[in-house]
Amino acid sequence: MDVQELKVDGQFESHGATFPLILECKSANASLEETTTWLKENATELNQQAYQHGAILFRGFPTATADDFDAFIQACGYPNFKYEESLSNAVRVVKTERVFTANEAPSDVTIFLHHEMAQTPIYPSKLFFFCEQAAESGGATPLCRSDALFELMQKEIPQFAKDCEEKGLQYTNVMPGVDDPNSGMGRSWQSTFRATTRGEAESRMLELGYTWEWLDDGSLRAVTPVLPAVRDLGDGRKSFFNQLIAAYKGWSDERNDPSKSIRHGDGSILDQEAVLKCAELAEQVTFDVPWQSGDVALVDNYVSMHGRRNFTGTRKVLASLVSS
Ligand code: FE2
């Protein structure tokens, strides 16, 4: 397999690594089997590169279907992180053992930058995306180097960076009684907590350290335990590992008011100006993945945030979560 690094507009350097790393398959007519062999041989190095660079975009590899994508992920050797067992807010459709649709929310709903499931105590270490069909226009997956963001925050909004690091964050989320596919966070409480009765949901929440309130319309207001907002990456880097931007800017539907969705761990209200500044700083260290059909991206969930830009036309991006 001839695989070479590709440079495109918009990449940038952070902590001595290009973001994201883009690897292009230059072998004409490479088979899926050759690809999975190459992935297996290079799994350790690719894992290390994902951590250093924050994300890897694979272009020109022979991946065309959900099954090809599943084989690609398996070859990388990570254990599967099952959506059914996660506490994700998003409504998804399962495609294969490892693969599901990225988010069923409509094309005009922006999904703001976040670390996957960092608003819950259980999160994947990495995620994969696969572009089965690029949108007619828009639809990029923005990827943000969260370690670079935290450095910027320490310079530009030091008090807020300190508050986040020292106090942590706590999230409030109203979950509907049935899946609401019109919302980016419409997963029902039954599905989220794998419960058929309120009693089952309550014992799961107790286990996880949540507090809650049942609402008259059958929905559930759940409050997470205090979660860390900053993660030590183990090599001197720290990432802004949370869902602050997404919760503040995006957790809005008929049940949720974003200004009430997130607080510091001591119950104090977030400094709105600092939050908006933080979102602005994040855009400075974000790369928009210009999807082409067949592209696969591997994102280190501890290093990089992701989101979704609005789009027109049909966009089919599949995702998979892994733990390691
Ligand atoms: Fe996500």
Is the shortest heavy-atom distance from the side chain of His264 to the side chain of Asp163 under 4.5 Å? yes
Any donor-acceptor pair under 3.5 Å from Ser191 side chain to Arg187 backbone: no
Is any NZ, NE, NH1 or NH2 atom of the basic residue among Arg309 and Glu283 found under 4.0 Å from an Asp or Glu carboxylate oxygen of the other? yes
Does some side-chain heavy atom of Val275 sit less than 4.5 Å from a side-chain heavy atom of Glu273? no
Please walk me through it: do Arg237 and Arg145 pass side chain to side chain contact (heavy atoms under 4.5 Å, CB included)? CA-CA 11 Å; Arg237 295 183 293 162; Arg145 267 292 287 265; 3.6 Å; yes
Between Asp295 and Cys131 (side chain of the first, backbone of the second, donor and acceptor by atom type, cut-off under 3.5 Å), is there such a pair? no
Any donor-acceptor pair under 3.5 Å linking the side chain of Ser219 with the backbone of Leu215? no
For Thr141 and Trp291, what are the C-alpha separation, side-chain angles and deciding distance, and is it a side-chain hydrogen bond (donor to acceptor under 3.5 Å, both in side chains)? CA-CA 8 Å; Thr141 294; Trp291 288 121; 2.8 Å; yes
Looking at Lys167, I want to see if its NZ is surrounded by more than 12 non-hydrogen atoms of other residues, nucleotides or ligands under 6.0 Å. yes
Any side-chain to backbone donor/acceptor pair from Gln11 onto Val8? Under 3.5 Å, distance only. yes
Check this for me, if you would: do Glu200 and Arg198 make a salt bridge, where the nitrogen-to-carboxylate-oxygen distance has to be below 4.0 angstrom? no
Residue pairs involving residues 21-53 (criterion ring pair (Phe, Tyr, Trp, His ring centres under 6.0 Å); sequence neighbours excluded): Trp38-Phe61
Centroid-centroid distance, Phe129 to His306, less than 6.0 Å: yes
Backbone N or O of Phe69 within a donor-acceptor pair of the Thr63 side chain at under 3.5 Å? no
Checking side-chain polar atoms at under 3.5 Å, does Thr37 have a donor or acceptor matched by the opposite partner on Glu34? no
Hey, does the side chain of Ser27 reach the backbone of Asp2 with a donor-acceptor pair shorter than 3.5 angstrom? yes
Is a side-chain donor or acceptor of Gln190 paired with a backbone partner of Thr196 at a separation under 3.5 angstrom? no
Test side-chain hydrogen bond (donor to acceptor under 3.5 Å, both in side chains) on Asn47 and Tyr78 and set out the steps. CA-CA 10 Å; Asn47 182 61; Tyr78 301 109; 2.7 Å; yes
Is there a side-chain contact between Lys26 and Val3 in this structure, where contact means two heavy atoms from C-beta onward sitting under 4.5 Å apart? no
Are the side chains of Leu208 and Leu87 in contact, using a 4.5 Å heavy-atom criterion? yes
Short side-chain to backbone donor-acceptor contact, Thr96 and Asp67, under 3.5 Å: no
Side-chain heavy atoms of Thr224 within contact of Leu227, under 4.5 Å: yes
Quick check on side-chain hydrogen bond (donor to acceptor under 3.5 Å, both in side chains): which of Gln119, His114, His115 does Gln243 satisfy it with? Gln119
As a quick check of understanding, evaluate side-chain hydrogen bond (donor to acceptor under 3.5 Å, both in side chains) for His15 and Glu151, giving each step before the final call. CA-CA 11 Å; His15 295 88; Glu151 274 191 0; 3.0 Å; yes
With salt bridge (charged side-chain N to carboxylate O under 4.0 Å, His left out) as the criterion, how do Asp232 and Lys238 come out once you've worked through the C-alpha distance, each side chain's angles and the decisive distance to 0.1 Å? CA-CA 5 Å; Asp232 189 332; Lys238 284 179 180 177; over 6 Å; no
Please determine whether the number of non-hydrogen atoms from other residues, nucleotides or ligands lying under 6.0 Å from atom CD of Glu13 exceeds 12. yes
Would a line drawn from the ring center of Tyr123 to the ring center of Phe241 be shorter than 6.0 Å? yes
Report yes or no: is the cationic atom of Arg204 (NZ for Lys, CZ for Arg) closer than 6.0 Å to the six-membered ring centre of Phe193, at no more than 45° off its axis? no
Look at the side chain of Glu132 and the backbone N and O of Thr65, then say whether any donor-acceptor pair between them is shorter than 3.5 Å. no
Side-chain heavy-atom pair Val226, Gln170 within 4.5 angstrom cut-off: yes
Ser125-Ser323 side chain donor-acceptor pair, cut-off 3.5 Å: no
Stepwise side-chain hydrogen bond (donor to acceptor under 3.5 Å, both in side chains) test for Asp147 and Ser239: CA-CA 4 Å; Asp147 51 347; Ser239 66; over 6 Å; no
Can you see whether Trp212 has Arg221 sitting over its ring - NZ or CZ less than 6.0 Å from the centre and within 45° of the normal? no
If we only count heavy atoms from C-beta on, is the Phe130 to Val99 side-chain gap below 4.5 Å? no
Side-chain contact test, heavy atoms from C-beta onward, threshold under 4.5 Å: evaluate it for Leu270 versus Ile262 and give yes or no. yes
Under the 3.5 angstrom rule, does the side chain of Thr120 hit a backbone N or O of Ile122 as a donor-acceptor pair? yes
